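First the structure, in the form of structure tokens, and then the observations on it.
Because the structure is a prediction, the values reported are computed rather than measured. Chain letters run A, B, ... following the sequence lines, proteins first, then strands; residues in each count from 1.
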2 protein chains.
Amino acid sequence: MRVLPRVVGECESGGVERVVDSHARSESVPHVGHQTVSTGWDPVLVPDGRGATRRPEPECPVEVALAAIGGRWTTLVLRDLMGGARSFTELQRGLPTLSAKVLTERLVRLEQRGLVERARSASFPPRTLYRLTAAGRAVEPLLVELYRTGTALLETSLDVSPDDSPR
Amino acid sequence: MRVLPRVVGECESGGVERVVDSHARSESVPHVGHQTVSTGWDPVLVPDGRGATRRPEPECPVEVALAAIGGRWTTLVLRDLMGGARSFTELQRGLPTLSAKVLTERLVRLEQRGLVERARSASFPPRTLYRLTAAGRAVEPLLVELYRTGTALLETSLDVSPDDSPR
DNA sequence: CGGCATCCACATAGATACTG
DNA sequence: CAGTATCTATGTGGATGCCG
């Protein structure tokens, strides 16, 4: 993904460029700090300097969001966790063809990113519950928007034919 | 993404399930047609049957949206095209480290999906212009939402450390 | 139950070189 | 200008099997 494939986004920090020949033309990207400054792009799309980048940068908000939901199955896991805490096995039951390996990977990543927290119960049988954190719940509007946009695309170009997406 | 990466989504059509043992428990996914029916998930996340799936299905709106923006560099290309029509070389100038091969791939996919249209001018020197279609413009709110969510994630979990996302 | 360790297959990104 | 053609490296998903 991928997704991602990873997927993509946009950023820019301070004076990171050293490979490109950038110092003779100040035409665009006027070395913005962090606030709303004219970047040459629509300010709705690029509200601050972190989006004014010429390549995929991990610190770019778009990249951060894509990384959070990126990877096959991830949005489905998030969807199921939006309904409340789930155990490993419950998640597997909800997604029967998802292998334990991939589910583990997804949960580890989501936990590393702070979207999910793991709670092991000391009782018997031992149970591990996964639940969304505040950060995890913060992606719900994004999932809704993905659904909405996908619906719009299906209505606009009603062909799409067999899929061959990168991720 | 890889956005991509592959990434993920959710769907369901008519009576597609034949692998799973589904006919003794009508607990969830009550064989919904297309309208708003109780699926066991939050109706905000799963407004219709296409989102009530147990695996990534290409017809699911979420998958469709992710496929549209999926793949490294794709959101950056879309961002630049949001500013108006661009030639191949102009796009390359805006994204200097993006190889011609990948840019070509992205543009072909975006065109196949109906998000971008190509216009060759008969004049000399020959110029090819890429511009967004109505469907392409329809993804702008999604890009905005990605930026917003990414910003929220950066504020919430201000660690994220070096990236190791799948896509 | 809740995973981890392997191995495999394939898709994709990137670099490089060439062309109508 | 606007791509195409290769080749390679890596990553990511899936299957299978084992373990505390």
Side-chain angles (χ1 to χ4, degrees), chain A residues 1-8 19 55-56 63 66-67 69-77 85-111 116 118-130 162-167, chain B residues 1-9 19 55-56 58 63 66-67 70-77 85-111 116 118-130 163-167:
Chain A
M1 234 199 263
R2 128 219 23 109
V3 359
L4 221 12
R6 179 90 58 286
V7 211
V8 194
V19 186
R55 51 197 260 193
E63 291 293 336
L66 286 171
I69 64 164
R72 196 159 147 86
W73 295 97
T74 305
T75 56
L76 291 170
V77 172
R86 297 280 187 276
S87 70
F88 191 90
T89 304
E90 283 170 343
L91 289 169
Q92 279 199 307
R93 259 203 304 272
L95 306 169
T97 58
L98 168 57
S99 72
K101 177 207 172 197
V102 173
L103 177 55
T104 300
E105 285 175 357
R106 293 298 170 266
L107 291 171
V108 166
R109 278 204 311 116
L110 289 170
E111 193 182 12
V116 162
R118 180 178 320 223
R120 300 176 197 270
S121 77
S123 67
F124 194 86
R127 231 169 112 85
T128 310
L129 278 183
Y130 295 90
D163 195 23
D164 78 329
S165 60
R167 76 181 52 203
Chain B
M1 0 156 46
R2 302 77 340 148
V3 283
L4 231 88
R6 168 74 63 81
V7 211
V8 193
V19 186
R55 52 197 263 192
E63 291 292 338
L66 286 171
R72 197 159 147 84
W73 294 98
T74 304
T75 55
L76 291 170
V77 172
R86 298 281 187 275
S87 70
F88 190 90
T89 305
E90 284 170 342
L91 288 169
Q92 280 199 306
R93 260 203 304 271
L95 306 168
T97 58
L98 168 57
S99 71
K101 177 207 170 196
V102 173
L103 177 55
T104 301
E105 285 174 356
R106 292 299 170 265
L107 290 171
V108 167
R109 276 204 314 114
L110 289 170
E111 194 182 10
V116 162
R118 180 179 320 223
R120 300 175 197 272
S121 77
S123 67
F124 193 86
R127 231 168 111 84
T128 309
L129 278 183
Y130 295 90
D163 194 25
D164 77 327
S165 60
R167 77 184 50 204

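Look at A:W73 and you won't find any side-chain N or O under 4.0 angstrom from OP1 or OP2 of D:dT12.
Taking both residues in full, the closest heavy atoms of B:E63 and B:P56 are given as OE2-CB, 3.4 Å, listed atom of the first, atom of the second, then distance.
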Between the protein and nucleotides 1-3 of chain C, which nitrogen or oxygen pairs are less than 3.5 angstrom apart?
residue: C:dG2; atom: OP1; partner: A:T128; partner atom: N; Å: 3.2
residue: C:dG2; atom: OP2; partner: A:T89; partner atom: N; Å: 3.2
residue: C:dG2; atom: OP2; partner: A:T89; partner atom: OG1; Å: 2.4
residue: C:dG3; atom: OP1; partner: A:R118; partner atom: NH1; Å: 3.2
residue: C:dG3; atom: OP2; partner: A:Y130; partner atom: OH; Å: 2.4

Pick out the pairs of N or O atoms, protein on one side and nucleotides 6-8 of chain C on the other, that lie under 3.5 Å.
none

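A 4.5 Å side-chain heavy-atom check between B:W73 and B:L91 finds every atom pair outside the cut-off. Taking the side chain as every heavy atom from C-beta outward, B:R109 and B:V116 never approach each other to under 4.5 Å. For the pair A:L103/A:F88, a side-chain contact is recorded, criterion being any heavy-atom separation below 4.5 Å from C-beta on. Using a 4.5 Å cut-off on side-chain heavy atoms (C-beta onward), A:L76 and A:L98 make no contact.
For the pair B:R86 CZ and D:dA2 P, the interatomic distance rounds to 13 Å; values are reported in whole Å. If you measure from atom CD of B:E105 to atom P of D:dA2, you get 18 Å, rounded to the nearest angstrom. In this structure, A:R72 places its CZ atom 19 Å from P of C:dA9, rounding to the nearest Å. Atoms CZ (A:R106) and C1' (D:dG14) sit 12 Å apart, rounded to a whole Å. Across the protein-nucleic acid pair, B:L76 atom CG and C:dA13 atom P stand 13 Å apart, rounded to whole Å. At whole-Å resolution of the value, CG in B:L66 and P in D:dT12 are 15 Å apart.
B:Q92 comes within 4.0 angstrom of nothing in the nucleic acid, heavy atoms only.
End-to-end axis angle of the helix from C:dC1-D:dG20 to C:dG20-D:dC1, using five pairs per end and rounding to 10°, comes to 50°.
Atoms OG1 and CG, on B:T128 and B:L107 in that order, are 10.0 Å from each other to the nearest 0.5 Å.
In this structure, the side chain of B:R106 engages the main chain of B:R72 through a donor-acceptor pair within 3.5 Å.
For B:S87, the side-chain contact (heavy atoms from CB on, under 4.5 Å) partners two or more places apart in sequence, or in a different chain, are B:T89, B:E90, B:R127, B:L129. Partners of B:E111 under the side-chain hydrogen bond (donor to acceptor under 3.5 Å, both in side chains) rule, at least two apart in sequence or in another chain, are B:R118.
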